[in-house]
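Residue numbers run from 1 in the order of the sequence given. What you see is a predicted model; the values in this text were computed from it and never measured.
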Amino acid sequence: MGVVKRILIVVAIAMAAVAVSAKDRGGLWGQRASLFELLPVDSTDIVFLGNSITHYCEWHELLGMQNVKNRGISGDVVDGFYDRLEPVVKGHPRKIFVMGGINDISHKLSADSVATLMANLLDYIIENTPTTEIFLQSALPINNDFNRFKSLTGTEQVVIDYNRRLEQLAEERGITFINLFPLFANEEGKLDPIYTNDGLHLLGNAYIKWRDYILPYVNR
């Protein structure tokens, strides 16, 4: 690879990172983040931290547990998780289930770039609440046959590579990796249409399947 081409790739990655870090902190993000700052988290709580895929589930009802706290925000990126993490970790929750990265991938960040952001997030949690048990969940498959999310077109392999990096991060930090990808992928490796109506977000039956799979981790 020539020097000029290398420079262009580095610049492109940097520009994508700036676009994500400059994400509008107003709107829905600001509304929910401001609420989360006021809602207490304590050492008995189980926190689900994520983007729309987490946001759209009523986790406490699904799990039948009042100590389950949903900290998902639709459209959020891993950098956004980091920016609103302090109100969570100061309560030293019993467990945190993390899922994120697909929106970063839609901003054309590489698998390694998103994994680096996730590593920073995990290190912050480990440093600031070492008693909290962390469960790092994989990104889910996507299905671009629905043609709903143009920014995810052609990113299928990035998602797979990102999940491999997440598994490595979990092993390096001694935390639990939960690979949800195979649960929802069809034979082509796409998000099975029985679990989605847009190729990215989940229907109720998918949340039931997700719940049943992680229940042993929730209860242990």
Side-chain angles (χ1 to χ4, degrees), residues 46-59 62-63 68 70-72 74 76-78 81 95-119 121-122 125 133-149 151-220:
I46 298 172
V47 174
F48 282 76
L49 179 67
N51 51 39
S52 59
I53 298 171
T54 297
H55 181 172
Y56 295 159
C57 183
E58 302 296 342
W59 288 103
L62 194 67
L63 291 163
V68 169
N70 189 333
R71 294 298 182 266
S74 179
D76 206 3
V77 293
V78 178
F81 297 3
K95 300 179 180 184
I96 295 180
F97 287 78
V98 182
M99 177 192 280
I102 195 65
N103 292 319
D104 303 76
I105 290 171
S106 78
H107 284 83
K108 306 308 178 188
L109 266 68
S110 69
D112 284 342
S113 296
V114 187
T116 297
L117 293 169
M118 184 61 77
L121 181 87
L122 295 173
I125 297 172
E133 191 172 8
I134 305 169
F135 299 88
L136 180 59
Q137 301 174 108
S138 71
L140 302 182
I142 55 177
N143 190 331
N144 284 313
D145 294 345
F146 285 82
N147 294 314
R148 289 287 301 277
F149 300 97
S151 59
L152 286 171
T153 301
T155 63
E156 290 86 351
Q157 187 59 47
V158 180
V159 175
I160 292 170
D161 293 342
Y162 174 57
N163 282 336
R164 290 185 182 133
R165 289 286 289 112
L166 291 184
E167 187 170 13
Q168 292 170 358
L169 288 178
E171 183 176 356
E172 290 165 3
R173 284 155 177 78
I175 63 177
T176 301
F177 176 69
I178 302 177
N179 189 8
L180 298 171
F181 189 99
L183 287 183
F184 301 108
N186 62 15
E187 293 180 354
E188 299 175 275
K190 301 175 181 179
L191 181 56
D192 196 313
I194 67 171
Y195 297 124
T196 185
N197 59 5
D198 64 9
L200 176 63
H201 301 104
L202 302 179
L203 298 172
N205 60 344
Y207 283 112
I208 296 297
K209 190 168 188 177
W210 185 353
R211 188 259 332 256
D212 292 347
Y213 191 76
I214 66 170
L215 203 54
Y217 301 106
V218 172
N219 290 332
R220 80 180 188 187

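- The CD1 atom of I134 sits 8.5 Å away from the CG atom of L136 when rounded to the nearest 0.5 Å.
- A donor-acceptor pair under 3.5 Å is formed between the side chain of S110 and the backbone N or O of S113.
- By the 4.0 Å N-to-carboxylate-O rule, D161 lies close enough to R164 to be salt-bridged with it.
- For H201, the side chain to side chain donor-acceptor pair (under 3.5 Å) criterion is met by S52, D198, not counting sequence neighbours.
- Among residues two or more places apart in sequence or in another chain, the ring-ring contact (aromatic ring centres under 6.0 Å, His included) test is passed with F48 by W59, F97.
- Looking only at side-chain heavy atoms (C-beta outward), I142 and F149 stay at 4.5 Å or farther from each other.
- Between the side chain of N103 and the main chain of D76, a donor-acceptor pair closer than 3.5 Å is present.
- With sequence neighbours excluded, the residues forming a side chain to side chain donor-acceptor pair (under 3.5 Å) with K190 are D145, listed by chain and number.
- Checked against salt bridge (Lys or Arg N to Asp or Glu O under 4.0 Å), E133 has the following partners two or more places apart in sequence or in another chain: R220.
- Counting only distance, with no hydrogens or angles, the side chain of N51 and the backbone of G100 share no donor-acceptor pair below 3.5 Å.
- With rounding to the nearest 0.5 Å, the separation of NE2 in H107 from CG in L152 is 10.5 Å.
- Heavy-atom neighbours of E172 CD from other residues, nucleotides or ligands within 6.0 Å: above the threshold of 12.
- Rounded to the nearest 0.5 angstrom, Y207 OH and I53 CD1 are separated by 6.5 Å.
- A donor-acceptor pair is defined here as one N or O able to donate and one able to accept, closer than 3.5 Å; such a pair exists between the side chain of N186 and the backbone of G189.
- Within the 4.5 Å cutoff, no side-chain heavy atoms of L140 are placed close to those of V159.
- Proximity of a side-chain donor or acceptor of N179 to a complementary backbone N or O of S138 within less than 3.5 Å is not detected.
- In this structure, CG on N197 lies 9.5 Å from CG on L202, to the nearest 0.5 angstrom.
- Considering CG of L117 and CG of D104, their distance stands at 6.0 Å, rounded to 0.5 Å.
- For Q168, the side chain to side chain donor-acceptor pair (under 3.5 Å) partners at least two apart in sequence or on another chain are R165.
- The side chain to side chain donor-acceptor pair (under 3.5 Å) check on Y217 picks up nothing, with sequence neighbours excluded.
- Side-chain contact between V68 and L62: absent, with no pair of heavy atoms (C-beta onward) separated by less than 4.5 Å.
- The CG atom of L122 lies 11.0 Å from the CZ atom of F81; values are rounded to the nearest 0.5 Å.
- A heavy-atom distance below 4.5 Å is not found between the side chains of L49 and T54.
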